[in-house]
**Student:** 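Next up is a structure, given as structure tokens.
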Protein chains: 2
Amino acid sequence: MKRSLESIEYKEDTEALAKFAKALAHPTRIAILKHLGKQSCCFTGDLVDVFPLAQSTISQHLKELKNAGLIQGELKSPKIKYCINQENWSIAKGMFQEFFD
Amino acid sequence: MKRSLESIEYKEDTEALAKFAKALAHPTRIAILKHLGKQSCCFTGDLVDVFPLAQSTISQHLKELKNAGLIQGELKSPKIKYCINQENWSIAKGMFQEFFD
DNA sequence: ATTTCTTATCGTAAATATACGATAGGTTTT
DNA sequence: AAAACCTATCGTATATTTACGATAAGAAAT
């Protein structure tokens, strides 16, 4: 990006919505979230069995979803249990709802 | 992407939702759509005045939104009038709604 | 016919995203 | 203590995205 120096300023909620959208902008992540919705929660290993992707790739997608705040991980030794982050899920839901009118 | 040969198969609606999300995954495009929502419609030139971005960059974002089906352009010589594509907008709205429960 | 206006497209540079294998860092189990 | 198990992270290759200026392509105005 040859952008000229400092980047554009957007309103906070515009940035926030774009960030959520970005987290959803890959079919694997949508599928993970759908799976998580059905199951309520699951472990990384479960997903590795479900999707024909390398374990490292799944882990990377989970990281992005976590960074976006849509999921959260809890250590259930020796595994990690991932669940929807209900609070942020609601926020995202509300933002998309408002955006679409 | 070193993906092994043919890419993964996702359900149709998973792909579709990811595609819509991708179109929304940039603050400029969110802002354009918000602007379009308020104004109902507008011309490329209007946006060039509003955003501190090159005309070609705006045009590129509009192209992506059009490809995603969220907007449509109508020739009003010598300008082009862009509006929300209400039909697909509703579809996208419904898909996000369903996704978030 | 030439100039002007508006927008799309081309070419390109830099940043980001996506995938993989390999490896590291924890726990648990043996 | 060693082996086995689960997951994150690192390094890396390739693809895609994002931005720009320059140029093309169309209609309208002079």
Side-chain angles (χ1 to χ4, degrees), chain A residues 1-10 14-15 18-32 35-36 41-68 70-83, chain B residues 1-10 14-15 18-32 36 41-68 71-83:
Chain A
M1 271 187 273
K2 226 185 313 180
R3 275 251 84 242
S4 44
L5 286 162
E6 48 208 307
S7 57
I8 304 179
E9 286 289 311
Y10 295 94
T14 296
E15 293 271 13
K19 195 179 157 197
F20 279 131
K22 201 169 179 180
L24 302 177
H26 195 286
T28 296
R29 291 196 290 274
I30 295 283
I32 288 175
H35 190 79
L36 234 48
C41 288
C42 74
F43 302 100
T44 306
D46 301 343
L47 299 171
V48 175
D49 294 338
V50 172
F51 299 100
L53 290 168
Q55 181 267 323
S56 55
T57 302
I58 298 286
S59 194
Q60 213 168 301
H61 281 304
L62 287 169
K63 190 183 180 182
E64 282 190 62
L65 290 171
K66 203 167 61 176
N67 285 343
L70 290 172
I71 65 172
Q72 64 198 103
E74 184 192 354
L75 189 69
K76 286 278 189 182
S77 259
K79 303 183 181 181
I80 295 180
K81 194 172 87 171
Y82 282 104
C83 309
Chain B
M1 270 187 274
K2 225 185 316 180
R3 276 248 85 243
S4 45
L5 286 162
E6 47 208 307
S7 57
I8 304 177
E9 287 288 311
Y10 295 94
T14 296
E15 293 270 14
K19 195 179 157 196
F20 279 131
K22 201 169 178 180
L24 301 179
H26 195 286
T28 295
R29 292 196 290 275
I30 296 283
I32 288 174
L36 234 50
C41 288
C42 74
F43 301 100
T44 306
D46 302 343
L47 299 171
V48 175
D49 294 338
V50 172
F51 298 101
L53 291 168
Q55 180 267 323
S56 56
T57 303
I58 298 288
S59 194
Q60 213 170 303
H61 281 303
L62 287 169
K63 189 182 180 182
E64 281 189 62
L65 290 172
K66 201 167 64 178
N67 285 344
I71 64 172
Q72 64 197 101
E74 182 192 354
L75 189 68
K76 287 276 189 183
S77 258
K79 302 181 179 180
I80 296 179
K81 195 172 87 173
Y82 281 104
C83 309

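Below, chain A is the first sequence line, B the second, and so on; all start at residue 1.
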**Student:** Output yes when at least one side-chain N/O atom of A:Lys22 is less than 4.0 Å from OP1 or OP2 of C:dA17, else no.
**Tutor:** yes
**Student:** Establish whether the base of D:dA8 is bridged to the side chain of A:Gln60 by a donor-acceptor pair shorter than 3.5 Å.
**Tutor:**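 It does not, because no donor-acceptor pair links the side chain of A:Gln60 to the base of D:dA8 below 3.5 Å.
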**Student:** Shorter than 3.5 Å, N or O on both sides, protein versus nucleotides 28-30 of chain D: list them out with atom names.
**Tutor:**
none

**Student:** Mind checking side-chain contact (heavy atoms from CB on, under 4.5 Å) for A:Glu74 and listing every partner two or more places apart, or none if nothing turns up?
**Tutor:** A:Lys76, A:Lys81
**Student:** Can you check whether any acceptor in the base of D:dA8 is under 3.5 Å from a donor in the side chain of A:Gln55, or vice versa?
**Tutor:** yes
**Student:** For B:Lys81, report the nucleic acid contact type (base, sugar-phosphate, nothing); a contact means any heavy atom under 4.0 Å.
**Tutor:** nothing
**Student:** Measure from NZ on A:Lys76 to P on D:dT7 and round the result to the nearest Å.
**Tutor:**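 Checked: the NZ to P distance equals 14 Å.
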**Student:** Nearest of D:dA19, C:dT7, D:dG21 to any side-chain atom of B:His26?
**Tutor:** D:dA19
**Student:** Applying side chain to side chain donor-acceptor pair (under 3.5 Å), name anything that partners B:Thr14, two or more places apart in sequence or on another chain.
**Tutor:**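 For B:Thr14 the side chain to side chain donor-acceptor pair (under 3.5 Å) partners, ignoring immediate neighbours, are A:Lys34.
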**Student:** May I ask you to verify if any side-chain N or O of B:His61 is less than 4.0 angstrom from the OP1 or OP2 atom of D:dA19?
**Tutor:**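 Yes, such a contact exists.
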**Student:** Under the rule for side-chain contact (heavy atoms from CB on, under 4.5 Å), what residues qualify as partners of B:Glu15, not counting sequence neighbours?
**Tutor:**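 So B:Glu15 forms a side-chain contact (heavy atoms from CB on, under 4.5 Å) with A:Pro27, B:Tyr10.
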**Student:** Side-chain N or O of A:Thr57 less than 4.0 angstrom from OP1 or OP2 on C:dA19?
**Tutor:** no
**Student:** Holding to side-chain contact (heavy atoms from CB on, under 4.5 Å), I want the full list of residues that pass it with B:Lys63, two or more places apart in sequence or in another chain.
**Tutor:**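 Counting only residues at least two positions away or on another chain, B:Lys63 forms a side-chain contact (heavy atoms from CB on, under 4.5 Å) with B:Asn67.
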**Student:** Does C:dA8 have OP1 or OP2 under 4.0 Å away from a side-chain N or O of B:Thr44?
**Tutor:**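 Indeed, a polar side-chain atom of B:Thr44 lies that close.
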**Student:** Which residues pass the side-chain contact (heavy atoms from CB on, under 4.5 Å) test with A:Ile80, not counting sequence neighbours?
**Tutor:** A:Leu75, A:Tyr82
**Student:** In whole angstrom, what separates A:Leu53's CG from C:dA17's P?
**Tutor:**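 Rounded to the whole Å, the gap is 18 Å.
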**Student:** In this structure, how many angstroms lie between the P atom of C:dA19 and the CD1 atom of A:Ile58, rounded?
**Tutor:** 9 Å
